[in-house]
Each structure stands twice: as structure tokens, then as C-alpha cells.
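Residue numbers count from 1 along this sequence. Just follow the structure's listing: the first ligand is 1, and inside any ligand the first atom is 1. Keep in mind it's a predicted model, so treat the numbers as computed, not measured.
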Amino acid sequence: MGGIIEALRLTWRAGRLHTGVFAVCTVLGAVAPVAGAWLTKLLLDGVTTGGGAGAVLGPGVALAAAGLVMALVPHVLRYASAETGRRVGLLAQERLFAVTERFVGMARFEDPAFLNRMRMALQHGGTTPGVVVSGALSTAGAAVTGLGFLGSLLVLSPWMPVLVLASAVPVLGLELRLARRRAAVYWRLSPVERREIFFRDLLTDAQAAKEIRLFGIGAHLRERMSAQRRRADGENRRLDRRELGAQGLTGMIGAAVAGGAMIWAVLAAAGGRITVGDVSLLVAAVAGVQAAGLAVVNGIAQSHQQLLLFTHYREVLAAEPDLPVPAHPGKVAPLARGIEFRDVWFRYSPGHPWILRGVNLTIAYGRTVGVVGRNGAGKSTLVKLLCRMYDPERGAILWDGVDLRDLDPAELRSRISAVFQDYMEYDLTAAENIGLGDLAHLGDRDRIAAAARDAGAHEFVTALPDSYDTLLSRLFFQGDDQEDGDTGGETGVTLSGGQWQRLALARAHLRAERDLMILDEPSSGLDAEAEHRIHHSLRERRAGRTSVLVSHRLNTLRDADTLVVLADGAVAEQGTHEELIALDGVYAGLFRMQAEGYAEPPPPQAEDLLELVRGRFGL
Ligand SMILES: Nc1ncnc2c1ncn2[C@@H]1O[C@H](COP(=O)(O)OP(=O)(O)OP(=O)(O)O)[C@@H](O)[C@H]1O
């Protein structure tokens, strides 16, 4: 019931005028057929009883008017219904995405069950209200038509309406069962369809195209995509067959009732018990009641099915926050003392292994902390916890002594600038790619260019065809949003990996005056010269600022105030570069290994080369 009320409320909010037009047209469309049948009877009786022109003129004109209404109403109804659908769809989508923005952390976006529900909510949240409203209105309209015809039948024979109504009861039961089954199948198929979409996107993705071609996995992926489709088709086919059987049965019941009524009417007319007009009325009434009954049943069944699917939309809207936020969170003051990890334990879910097992770490105000560790040691996890994308399971992270959980997450993030390891590449212009780092400066070209200069991006951006206005995408046409979608135009350009990374850095630089700068592998894709230049500018910008740097290139972290080595979920070593080298532990080992790797190898001897060639060609 709550679902119906919410669906109706959503429709009303989306467009009162269209909902009103919808209702009025439904009533007109419902009354017109009954009026038409009665007017036809009056007309025929007027002709057969020889009442003259006066007896047929009135019903004739009224019949023409009813015909006009019946001709116009479906078109207006279709428009009102489509417009209501569009408005409700937009409103429902906006509400859904507003809810996802309220999720403070990332866990929801990594939860397959939630993603399934979200997909169902997106698919049905916008359509259900329209279907329910049109279902309710057309059910009400059909009920009016049906009652009108039932009354007409009652005038002709008392048992006829009972017979016709009785034949509708099993139909309703069957349709409701089918509706429930269909809703259950949709839910069951949601992950299957998400997988199919995944393979479909992969097969048309420019980034994936290289590997797909080189590894020759196109047919394999296509088969996996088709397998998902076949599975969904199989379930839908079974359902359609059930529906076919059920509807075939109900159709036969309806035809038998209509045929019986017709025979009775013809015999009654032959016996002189009813007039020719009565026969016409009876035929129209039986067909009308049956059509109305079917419309009522379909309306109820469809609304029932849609309301079952609508529960996903309601559940997403009612979803609890993923991370608790106090009703009156504390203000986030500018960082003055520092950030402290106090015995932080973290795993991604109770089913996942512990990633951090009691991390104790202080990031003092104005200092740079470099974080080092092997792949999977938990460095990026630490960074995400620092931005409160997740909460520690035990222990706490303190901002000047205040637990992050007691602070307003949006305010906390407004004090942080970051380049994540998996930074975004937005299919937008170069200026927007940088400007998104600080929306307040999205239109400030000077600041954007300054941030680009600091990140070593200005030169290549100004060399692009439209400089900062160049669209960095091969998915859309330049200026796509102003032109017709398929008229073509200039395609955008795409950047190299290192160039994208510089843009991500520029985005972070745009908000560089924030209290904390986090750089997770900011130079992994840069050439040696760019890396050198960028680290030089980072060093200058970082001076006196609090920053956390994560990198596997240990020489870029050498001058950090503190180096922290993460191993086995905890801080294994901590100190300056010199202290850790003197300690001769994990860091010293890693540093030596890299230094040796960078050292010039001895020139190969002729004998070595010969050996290599022999080995390669099996000589
Ligand atoms: N969203 C996630 N859900 C579940 N496990 C995750 C998630 N993200 C990371 N992990 C796991 O957490 C561990 C630590 O990952 P993390 O990305 O923090 O490591 P890292 O030290 O940054 O590694 P790298 O040097 O390779 O970047 C890994 O074992 C990884 O599989």
C-alpha cells in the first residue's frame, strides 16, 4: 500500500497538469463506449419501430459526438501518459542519484547485492509510478465501462452479468500469479543482465580492444556474453509459455461465454422476447464487459508486478547510510597538530582478511610522510581510510585529536587534496579535467593553467587542437552537447598514460592550498625528466604543508620527513631515509635492490650474446 501511495505521490509531484489530463481522459474514454452502445440501441430501435427522423436524429448526433471523443481520447491519453512517464522518470532518477551521493563511503559501490538493487531501482523506479497511475486510472475507467455494460446486461437478463463476472475470477487469479512470478524472475535475472552488460561494454571498449585483439579473446568474450543472454532468454521464454497457456485458457473461457450469450440473444429475439436493438446492445455489452474485465485484471496484475519491482527503488531510497555520521558533526578546523592512526585495524568486510592489524602512525602538521611497502601491503587502503572512504573496524584515526567519525565527511574532504592510484580520466575537456578538482574555479582559466604548469601539463595541453577546450575523449564528438548526436563533427583526442597522470596531478594542484595533500603513486607513469621536474615542484609546494606520499620509487621519497614501511598490516619501520638505511631492514633492502636495478649493467660479452641467440633459436 505504501508503494502505491509513494508511486502516486511521485507522479503528482512530477506533473499535476498531465496527471489531471490523464484522469479526465480516462473517465471520458470509459464512459464513451457505454454511451455509444446505448445510443446505437436507441438508434436501431428508432429505425425498426418507425419513429421517423425525430426519433433517430438525437441519438445519431450524440453517437457522432461519442465517436469523436472515442477517436480523440486515446491520442491525448498516449501523450499525457508519455509526458508523465518522462517527468516521473527524471524525478525518480534524480532522487536515486541524490541518495547515492549521500553514501559517505565506498562500500555500497563494491557490494554486488546493492548494485543489483540499484539497477532494478533505476530500471523500474522511473516506470512504476507511470504504470501504476495509468494502471489505476485505466482500471478505474475499465471498471466504469464494465459496470455500465453490466447494468445494461442486467436490464436484458439477470443471470448474464453473474455468468460474465464469474468467468473473470479465475483470470484475475492467474494474472496475479503470473505478475508475481515475472517480478521474481526480473530480480533473479538482474545479476545475469549486469554480467551481460559488462561483456557488452567490454567488447565495445576502446581500452579493452587492444588486449581483445592481441589475445584473440573476442569470440570467447562474445560467447560468455551470449551465454548470459541465453540464460535470461530461457527464463523469460518459460515465463512467456506459462503466460501463453494461461491466457489461451482464459481466452477460451471468454469466447465460450460470449458465444453462449450470443446464441441466447438470437433465440430470444427470434422468440420476440427482445428487440433487434437489444441484441446489438447485448453483443456490445458482453464484449464490453469482457474487454473491461480484461483491462481491470491486466491493470491490477501489471500494477502488482510493478509495485513488487518498485520495492527496490524504495529500498534504495530508504537505504541506511553506509558509514555513521553524527546528527550534528563537529566542524573540521584547519589542521594544526596532525593526524594520528591509533591502533587501526581494518578489513574490507568480515569475510575478507585483515589488511591493517593495529597501525600506529602520526602524520605531524607541516611534515611529509612517505609510505612504502610491497604490493598489497595496504598503502592505498591507508589512504582511503584517511579520506574516510571506510571506517576502521577497531582503533581510530584522529584529526587534531578528533575521531574522523565525529566530523562532517564533506568538510573533512574539502580539507584534503589527492591523486589516487586509480585516478579518473574524465571524457570531458582538458580544462574540465583539471577544474573538477575545485568546482569554485572551474571557469578560472588562469588558475587552471597555473595548476597545469605545476603538474607539467600546460605544454601538451596548449599543443592540443583546441588547447584547454579540447575534448579528451574518443567516445564523443567535440561539442557533442550542442549538436545533433549523429551529425558528426570533430572527434576529441585521447592522451597518453603519463599525460593523463599529469592532468590528475593538476586537478590535485588546483586545491593544493588544502590542509592535507595525498599522492598515491603520483609519478608511476611519468618519464624520468617529467618525474624529476614534477617532484621538484611538488617539493616546493609541499614545503610547510602536510602530505602523505605513496610510491614504489623509493628515490622520490628520500627527502620525506618520515618514511613508514608497511608490512604484515602494521608499521614495520619508521624514520628518515638515513635512519632506515642504518637500520638495514626492509626499507634498506628494497632501496638497495632498486639502486642496483638502476646501476648501469656491465656491457654484454660476445660469448654471452652468442649464448642468448643459441638459447632463443634452440641452436
Ligand atoms: N575494495 C576492496 N575490497 C576488498 N579487498 C580489497 C579492496 N581494495 C584492496 N583490497 C585488498 O587489500 C589489500 C591491500 O590493497 P592496497 O591497494 O591497499 O595495497 P597497496 O599496498 O596499495 O598495493 P600496491 O602497491 O599494489 O598498490 C590487497 O590484498 C587487496 O586485494
M106 to ligand 1, any heavy atom closer than 4.0 Å: no

Residue-ligand contact E521/ligand 1, heavy atom below 4.0 Å: no

Which residue owns the protein heavy atom closest to [atom], what's the atom, and how far is it?
| atom | value |
| --- | --- |
| atom 1 (N) of ligand 1 | E110 OE2, 2.9 Å |
| atom 27 (O) of ligand 1 | Q421 NE2, 2.9 Å |
| atom 17 (O) of ligand 1 | S380 CB, 3.6 Å |
| atom 24 (P) of ligand 1 | N375 ND2, 3.6 Å |

Atom 13 (C) of ligand 1: any protein heavy atom closer than 4.0 Å: yes

Protein non-hydrogen atom found under 4.0 Å from atom 31 (O) of ligand 1: no

Which segment of R347 sits under 4.0 Å of ligand 1 when only heavy atoms are counted: neither

Part of H552 with heavy atoms under 4.0 Å of ligand 1, whether side chain, backbone, both or neither: side chain

Does this structure show an ion pair linking [X] with [Y], if we count only N-O contacts that are shorter than 4.0 Å?
| X | Y | value |
| --- | --- | --- |
| D438 | R514 | yes |
| E411 | R415 | no |
| R181 | E235 | no |
| R592 | D584 | yes |
| E193 | R119 | yes |
| R413 | D408 | no |

If we only count N/O pairs under 3.5 Å, is [X] in contact with ligand 1?
| X | answer |
| --- | --- |
| G376 | yes |
| G373 | no |
| H352 | no |

R337 charged N/C atom sitting above Y365 aromatic ring, 6.0 Å / 45°: no

Distance-only polar pair, side chains of E432 and T429, donor-acceptor under 3.5 Å: yes

Polar contact flag, side-chain donor to acceptor under 3.5 angstrom, E110-Y390: yes

Heavy atoms from other residues, nucleotides or ligands near CZ of R224 exceed 12 (cutoff 6.0 Å): no

N236 atom CG: more than 12 heavy-atom contacts under 6.0 Å: yes

Option whose closest heavy atom lies nearest to atom 16 (P) of ligand 1, chosen from T381, V371, I355, L356: T381

Nearest-option assignment for atom 8 (N) of ligand 1, heavy atoms, candidates Y348, Y390, W354: Y348

Enumerate the atoms of ligand 1 whose separation from the nearest heavy atom of [X] is less than 4.0 angstrom.
| X | result |
| --- | --- |
| R374 | 21 (O) |
| K384 | 8 (N) |
| G378 | 14 (C), 18 (O), 19 (O), 20 (P), 21 (O) |

